[in-house]
Structure formats: C-alpha cells, structure tokens
Amino acid sequence: MTPIVSFFLFAYPFNLHTQEKKDTENKSTSKLEVNLEVESDAYFRGANFSGDFSAQRNQTPYRSIQPGYRSTQNLLYHTPLTGFKILFSSLTPLTGHSDRDSDGAILQSGPGKPDRFYNVYEQYVATGIVNYDPTKEKRRDEQNGLKRYMGAFVGGYYEWQSSIGIWTMGTWLYSTANTANKTVWQEFFVTFRPDLLTFINPKIAIYQNTSAIKELNGQNYISLDFSHTFRKEDFIKIVPSTHVGYVINNDTMDQRSGISNITSTLKFLFGSFYVGFTNVHRPDVTLFDTTDSNSGDGRTINPSKRNDPFNLALDREASKRIGNPEVLKSFEEEHRLQKIPNNGFYVSMGWDAIF
C-alpha cells in the first residue's frame with residue numbers, strides 16, 4: 001500500500017473537534033488550543049498509516065480491525081494577528097518501536113539483503129566447503145520498527161469571514177523521523193465553510209501537493225465534510241460526522257483518481273474528554289494498490305506470506321524452472337496476494353483544552 005500519512009484531518013489540517021466552534025468573531029486575542037488523542041489505528045485519506053505498518057513488521061495479514069496504537073499531540077496557536085493561526089502536530093506509534101527480523105533470512109550481509117544460506121548449503125553438499133564469512137553474513141533485523149514512522153506536521157493558515165461563509169488558506173509541511181528513508185512533503189490548501197445548511201456544518205476543502213516524491217507528486221485531494229453537535233449546551237454531547245475524500249492522481253506511476261474514503265465518526269464528548277468510533281470505507285481500493293506488479297486488481301502482498309518457509313521454498317523451485325524474470329516475479333507474487341480491505345475501523349480517545 002502507498003506509504004503516505006483520516007488520522008486527524010477533518011475540520012482544518014488536524015482534527016480538533018473544538019474547531020467546530022466557529023471563530024466567526026475573529027477576536028484578536030491570542031490563545032492556544034491543545035488536543036491529545038490516542039487511537040487504536042490511523043488512516044489518512046483512506047490510506048492506513050499505523051496498523052498496516054504493524055502488520056508488515058509482525059508478518060500478519062492486513063485486516064479491517066488491527067492493532068496500530070498511536071498517539072497524536074496537536075497544538076493550534078491563534079496568533080495576535082487576527083485570523084492567522086499556526087499548527088503543530090506530532091504522531092507517535094505506541095508499540096513496536098524496535099526493529100525486528102521479519103524476512104527469515106539466515107545469512108545476510110545487511111538488512112533486506114539477499115539470503116545466501118541456500119547457496120552456501122548447496123555448495124557445501126556439492127563440494128564439502130562452507131564458503132561464507134560469519135562476521136559479515138548473519139541474521140539481520142530489518143528497518144521496520146514503528147519508531148521510524150514518527151512524524152510531525154507544522155504549518156499555518158489564515159482564516160476570514162466573508163459575506164457568504166468562512167474561508168481558510170494556508171500550507172503545511174510533513175516530515176518523518178526515519179533517517180534511513182526520510183519522507184518530507186508539503187501541501188497548500190483552501191477550505192470554505194458556507195453560511196448555508198449550518199445544521200450539518202458543511203465544509204469544502206482542496207489540497208495541492210507540490211512535493212516531488214513518487215507517492216504524492218502533484219496529487220490533488222478534494223474533500224467534503226458534514227457534522228452536527230447534538231445536546232450542544234449539555235455536558236455530554238454527541239457529534240456524528242462524515243468526511244468524503246476524492247483523490248486526483250494517486251501517485252506518479254498509476255495516476256488513478258477516485259473516491260479514496262468515506263469516513264464516518266460518532267463521537268461522544270464528556271466535557272473536555274471524548275471517545276470516538278470511526279469507520280473508514282474505501283470504495284476504490286485500487287487507489288492504494290501500488291506495491292505489486294499487478295497494481296490494478298485491488299490486491300497486495302500479504303505480509304504473513306511474504307517470507308514464510310513454504311512460499312520461500314516454492315520460490316526456489318520456481319526460479320530453477322522459470323527463466324523469464326517477469327513471469328517469475330508474477331508467480332512469486334500471485335500466491336502471496338490478499339484483497340485490500342474495503343473498510344477499516346478504529347477507536348479514539350482524547351482530551352481538549354484552550355489556554
């Protein structure tokens with residue numbers, strides 16, 4: 001699946017439900033909104049960014065409900081300049097921080113390198129000579145610790161009230177902490193919340209990615225949000241919301257477009273604390289089918305079958321009988337594929353405060 005970062009992106013660049021209180025008065029006094037949240041899994045525009053990484057590390061199949069525990073720390077600073085706000089959000093996986101051996105290789109010169117065990121074994125059987133350097137070729141941990149997916153957003157935007165609704169224009173930058181395979185990208189965005197149908201609080205947003213990386217180069221994203229707060233004046237509030245996202249140009253290789261996610265959340269607020277239940281429906285999973293050779297069938301490599309002994313033995317036999325590299329690759333992938341789940345479900349808990 002495409003490794004990109006709805007974890008917290010609904011109302012503005014991150015999902016602070018306190019932002020549902022429209023700042024239509026544009027007060028000039030500065031303030032700081034703080035949101036701390038823990039999630040059982042995390043999605044961004046339909047792509048999974050926590051449970052899927054955990055599945056790859058732990059060699060388990062991709063599922064609709066899977067453990068991908070993560071915390072987010074969100075800050076939104078209302079500057080003294082009326083309407084101008086600065087945001088910061090950090091994303092921290094809570095489990096599986098360490099690297100681990102997930103490919104089953106016995107003799108590797110480095111993480112992810114080819115396994116020479118069977119070559120060494122076959123040479124030993126044929127000649128009686130053991131030809132390898134035990135100081136350099138051994139089991140290696142792959143670079144798959146979830147600490148590598150720690151990341152942060154930083155950005156700013158300007159918000160103003162017009163005669164027809166509230167407009168927002170700004171930019172943000174995302175960066176991971178993974179020094180081995182660092183990802184940095186930037187987007188510009190415009191949002192509009194009309195002074196119509198306020199019962200369902202509609203918002204339209206357009207995002208343009210300008211970063212030259214395979215997964216996001218030139219990608220556009222258009223979203224439509226609806227929400228309503230029941231029992232608004234009570235201690236216990238109920239907030240259902242729906243986010244519909246449309247991706248234009250899913251990556252530079254496949255360049256597919258379509259509805260990437262219909263994300264529905266039911267949130268219960270208890271004063272400053274809340275609990276949310278979210279379902280992410282992905283109508284077109286081919287938007288996330290970008291890692292195997294047949295990227296249009298809605299299937300991807302099952303992590304539990306990538307390096308299991310049976311499939312590795314099957315690959316070795318196939319390599320002796322299939323001379324065409326493309327046919328061999330297709331064969332190796334075919335008996336490892338699984339359907340990409342159309343739905344994902346996760347639970348979140350959090351706390352909001354304004355200083």
Side-chain angles (χ1 to χ4, degrees), residues 6-27 29-46 64-65 69-78 83 85 87-89 91 157 159-162 164-168 191-205 223-245 261-281 343-355:
S6 145
F7 23 72
F8 52 84
L9 188 73
F10 284 112
Y12 290 109
F14 52 83
N15 183 22
L16 289 174
H17 72 69
T18 56
Q19 292 178 356
E20 292 169 2
K21 302 174 181 178
K22 294 194 228 175
D23 191 13
T24 56
E25 298 178 5
N26 285 328
K27 295 180 179 179
T29 56
S30 61
K31 63 181 178 180
L32 179 66
E33 295 186 39
V34 178
N35 168 256
L36 305 177
E37 183 172 278
V38 176
E39 308 158 295
S40 64
D41 205 348
Y43 286 79
F44 180 68
R45 298 176 183 174
S64 295
I65 301 176
Y69 304 107
R70 192 189 68 178
S71 68
T72 63
Q73 301 80 38
N74 306 312
L75 303 176
L76 182 66
Y77 176 56
H78 299 239
K85 303 175 185 180
L87 65 93
F88 174 81
S89 181
L91 320 172
Y157 62 89
E159 179 182 278
W160 72 96
Q161 173 76 57
S162 72
I164 58 175
I166 299 176
W167 295 84
T168 297
T191 75
F192 174 59
R193 194 183 298 275
D195 288 336
L196 297 172
L197 304 173
T198 54
F199 178 81
I200 55 175
N201 203 24
K203 189 192 75 164
I204 302 169
S223 64
L224 180 62
D225 291 86
F226 302 99
S227 67
H228 180 73
T229 302
F230 293 95
R231 302 164 54 100
K232 197 168 186 177
E233 305 302 323
D234 297 343
F235 177 78
I236 300 177
K237 303 175 181 63
I238 303 173
V239 184
S241 63
T242 298
H243 172 93
V244 181
N261 68 108
I262 302 173
T263 302
S264 302
T265 300
L266 183 62
K267 187 174 289 185
F268 297 88
L269 283 64
F270 308 90
S272 298
F273 297 90
Y274 64 88
V275 178
F277 303 90
T278 300
N279 181 75
V280 181
H281 176 61
N343 292 280
F345 178 81
Y346 65 92
V347 178
S348 59
M349 296 184 295
W351 170 78
D352 287 321
I354 299 177
F355 299 95

Grab the two heavy atoms, one from [X] and one from [Y], that are nearest each other, plus how far apart they are.
X	Y	answer
P202	P194	O-CD, 3.5 Å
G165	F192	CA-CE1, 3.8 Å
T72	R70	CG2-NH2, 3.6 Å

From [X] [atom1] over to [Y] [atom2], what is the distance, rounded to the nearest 0.5 angstrom?
X	Y	atom1	atom2	answer
R45	S223	CZ	OG	8.0 Å
D41	Y69	CG	OH	9.5 Å
S40	M349	OG	CE	9.0 Å
R193	I204	CZ	CD1	11.0 Å
K203	D225	NZ	CG	5.0 Å
N261	N343	CG	CG	11.5 Å

Practice prompt. Check for a donor-acceptor pair, side chain of R231 on one end and backbone N or O of I236 on the other, with a separation under 3.5 Å.
Written response: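 Yes, the answer is positive, given that a donor and an acceptor are paired below the 3.5 Å cut-off.
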Worksheet item: So, does T198 use its side chain to make a donor-acceptor pair with the main chain of N201 at under 3.5 Å?
Response: no
Can you find a pair of side-chain heavy atoms, one from [X] and one from [Y], that are under 4.5 Å apart?
X	Y	answer
E37	Y274	yes
K85	L87	no
N74	V34	no
I166	E159	yes
K267	S241	no
F226	L197	no

Discussion item. Run the side chain to side chain donor-acceptor pair (under 3.5 Å) test against S64 and tell me which residues pass, sequence neighbours left out.
Written reply: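 Not a single residue meets the side chain to side chain donor-acceptor pair (under 3.5 Å) criterion with S64.
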Worksheet item: Can you name the residues that form a side-chain contact (heavy atoms from CB on, under 4.5 Å) with F277, not counting sequence neighbours?
Response: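 By the side-chain contact (heavy atoms from CB on, under 4.5 Å) rule, F277 matches F268, V275, F345, V347.
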Practice prompt. Quick one: list whatever passes side-chain contact (heavy atoms from CB on, under 4.5 Å) with F230, sequence neighbours left out.
Written response: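 For F230 the side-chain contact (heavy atoms from CB on, under 4.5 Å) partners, ignoring immediate neighbours, are H228, I238, P240.
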Worksheet entry | Residues forming a ring-ring contact (aromatic ring centres under 6.0 Å, His included) with F355, sequence neighbours excluded | none
Worksheet item: Only one of T278, V239, V280, N279 forms a side chain to side chain contact (heavy atoms under 4.5 Å, CB included) with T265, so which one is it?
Response: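 The side chain to side chain contact (heavy atoms under 4.5 Å, CB included) with T265 is passed solely by T278 among T278, V239, V280, N279.
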